[in-house]
Visitor: 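This is the structure I have questions about; it appears just below.
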Amino acid sequence: MAGVVVALLSVNDNVFNWLKSISAEHGLTQVLGAGGYSLLGVAFFAAMGTMLYRIGIKKD
């Protein structure tokens, strides 16, 4: 959902430049390197999938 909101906001150049200014991508890439940044993304994606799976199989 947040990705859709960011995509819609990115249509406006002023908002797009503001979003780029608050992005942590540059700093994380410097610290972790390009491969490390990609692995961090994979780790967060896997964590999100695990949480969604656990919520999905949870019996109420």
Visitor: Quick one: pull up CH2 in W18 and OG in S23 and give me the separation to the nearest 0.5 Å.
Guide: 11.5 Å

Visitor: What's in the same ILVMFWY side-chain cluster as L39, cut-off under 4.5 Å, chained through other members?
Guide: none

Visitor: Distance-only criterion, 3.5 Å: show the donor-acceptor pairs between side-chain atoms of residues 41-55 and protein atoms not counting sequence neighbours.
Guide:
from: T50; atom 1: OG1; to: A46; atom 2: O; distance (Å): 2.9

Visitor: Could you list who else is in L8's hydrophobic cluster, with ILVMFWY side chains joined at under 4.5 Å, directly or through other members?
Guide: V4

Visitor: Looking at residues at least two apart in the chain, or sitting in another chain, which of them share a side chain to side chain contact (heavy atoms under 4.5 Å, CB included) with V15?
Guide: L9, N12, L19

Visitor: Can you list everything that forms a side chain to side chain contact (heavy atoms under 4.5 Å, CB included) with S38? Sequence neighbours excluded, please.
Guide: none

Visitor: Looking at every non-hydrogen atom in both residues, tell me the closest pair between Y37 and T29 and how far apart they are.
Guide: CG-OG1, 3.9 Å

Visitor: When clusters are formed by joining ILVMFWY residues with side-chain heavy atoms under 4.5 Å apart, either directly or through shared neighbours, do I22 and V5 land in the same one?
Guide: yes

Visitor: Under the side chain to side chain contact (heavy atoms under 4.5 Å, CB included) rule, collect the residues that match up with Q30, sequence neighbours excluded.
Guide: H26

